[in-house]
Amino acid sequence: MDRQPPARKKPTRPSRGAGATKSAAGTTVAGREVAPEQEAYLQAVALYERAVEALQRRHFRKAATQFRRLIDNFPDEQELHERSRCYLAVCERESLPQPRPETVEDRLFAATLALNAGSQREALRHLRAAARKRPDSDHVQYMLAVARADGGDAPAASAHLLRAIELNPDNRFLARTEPSFERLREIDAVREALMTPGDAPVEPESESPSST
């Protein structure tokens, strides 16, 4: 997201430390006096930058407050107003309450978005709700396996995956290339479930002798 203000001949910005003093005529920066209108522009730019930073951090209400303050308090900075209004519209849209997922399909979609965003806990919350409504859905069981695998819970993930394959054998083809199941494919029960007729039987992994 572009944090730069619109192109404009920009006066030297006062530093936050020593070197900037105020006088009746304006602000003195490094021995040079800045006119009041230039000082106002510098203040507007600083406020604009803080607002954009808040927007980038997804602090939408804080950003919206700062964009509104810029528009209200600096009426002469029309170029900054144009961008501020665009960003303000984004803040207001993102601040609206999102519709609560109700159907199983809504829950699955929300879970998929959460997994893509790396939020395994939120994905599990949606998937548990979906499983309560439709426990024998192979899609729900498969997604639960993905979420559990992403969270490092191999036993729970394998149980959900085996159930998904039991409900719909076609899931074995998806599971063979699912990146989240890389470790699960090392488990004998999972490897056997992923087989199709004609594949070589799975040989149990021999236990290595315990060290003494």
Side-chain angles (χ1 to χ4, degrees), residues 1-3 50-67 86-197 199 201-205 207:
M1 187 175 292
D2 182 13
R3 292 189 55 191
R50 290 197 300 271
V52 172
E53 182 178 359
L55 176 62
Q56 291 176 327
R57 294 177 179 272
R58 301 185 66 82
H59 299 164
F60 299 114
R61 292 184 179 179
K62 179 179 179 181
T65 298
Q66 292 173 329
F67 283 126
C86 292
Y87 287 145
L88 182 58
V90 173
C91 294
E92 291 172 345
R93 183 176 66 248
E94 294 293 338
S95 298
L96 292 174
Q98 299 300 315
R100 182 178 178 181
E102 297 291 346
T103 67
V104 170
E105 288 71 21
D106 290 341
R107 292 286 188 180
L108 287 170
F109 181 71
T112 301
L113 294 180
L115 286 174
N116 290 339
S119 180
Q120 188 246 1
R121 179 178 298 180
E122 182 181 354
L124 281 175
R125 179 172 62 84
H126 290 298
L127 292 170
R128 290 193 191 102
R132 286 194 293 269
K133 288 187 174 182
R134 201 179 298 170
D136 292 334
S137 166
D138 67 287
H139 194 178
V140 171
Q141 293 297 321
Y142 188 93
M143 291 295 294
L144 278 166
V146 171
R148 287 298 190 183
D150 287 350
D153 190 346
S158 60
H160 286 298
L161 178 57
L162 292 175
R163 179 59 176 156
I165 294 173
E166 179 185 0
L167 291 166
N168 182 359
D170 287 344
N171 282 318
R172 66 164 58 96
F173 301 109
L174 293 174
R176 285 179 172 182
T177 57
E178 173 62 54
S180 299
F181 296 157
E182 182 177 355
R183 292 188 177 182
L184 297 188
R185 289 191 286 269
E186 300 174 0
I187 300 173
D188 289 341
V190 173
R191 289 168 57 196
E192 184 175 354
L194 297 183
M195 292 171 55
T196 55
D199 291 340
V202 176
E203 297 182 1
E205 295 182 359
E207 295 184 0

>> Run the side-chain contact (heavy atoms from CB on, under 4.5 Å) test on Asp136 and Arg163 for me, step by step, so that the C-alpha distance in whole Å, both residues' side-chain angles and the decisive distance to 0.1 Å come before the verdict.
In response: CA-CA 9 Å; Asp136 292 334; Arg163 179 59 176 156; 2.9 Å; yes
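The side chain to side chain contact (heavy atoms under 4.5 Å, CB included) test with Val146 singles out one residue from Thr112, Leu115, Leu174, and that residue is Leu115.
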Less than 3.5 Å apart, which donor and acceptor atoms pair up between the side chains of residues 127-135 and the rest of the protein, not counting sequence neighbours?
{"from": "Lys133", "atom 1": "NZ", "to": "Glu102", "atom 2": "O", "distance (Å)": "2.5"}
{"from": "Arg134", "atom 1": "NH1", "to": "Glu105", "atom 2": "OE2", "distance (Å)": "3.2"}
{"from": "Arg134", "atom 1": "NH2", "to": "Glu105", "atom 2": "OE2", "distance (Å)": "3.4"}

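Panel note: side chain Arg172, backbone Ala193; a donor-acceptor pair is recorded below 3.5 Å. Formation of a donor-acceptor pair under 3.5 Å by the Arg185 side chain with backbone atoms of Ala175 is found in this model.
Between Leu184 and Glu178, the closest side-chain pair of non-hydrogen atoms is not below 4.5 Å. In this structure, Leu124 and Arg148 have side chains that are in contact, with non-hydrogen atoms separated by less than 4.5 Å.
Nearest heavy-atom pair, Cys91 versus Ala63, reported as atom, atom and distance to 0.1 Å: SG-CB, 3.7 Å. Among all heavy-atom pairs drawn from Ala114 and Ala123, the shortest one is CB-N, 3.7 Å.
Note that OG of Ser119 is 11.5 Å distant from CG of Asp150, once rounded to the nearest 0.5 Å. Separation of atoms CG (Asp138) and CG (Leu161) is listed at 11.0 Å; rounding is to 0.5 Å. Atom CZ in Arg107 sits 14.0 Å away from atom OG in Ser137 (nearest 0.5 Å). Summarising the geometry, atom CG belonging to Leu108 is positioned 13.0 Å from atom OH belonging to Tyr142; distances are rounded to the nearest 0.5 Å. Here the CG-OG distance, from Asp188 to Ser158, works out to 11.5 Å after rounding to the nearest 0.5 Å. The CG atom of Leu162 sits 11.0 Å away from atom CG of Leu167, with the distance rounded to the nearest 0.5 Å.
Sequence neighbours left out, not one pair with a member in residues 147-176 passes ring-ring contact (aromatic ring centres under 6.0 Å, His included).
The aromatic rings of Phe67 and Tyr87 are tilted relative to each other, their planes meeting at an angle between 30° and 60°.
Residues forming a ring pair (Phe, Tyr, Trp, His ring centres under 6.0 Å) with Phe60 (at least two apart in sequence, or on another chain): none.
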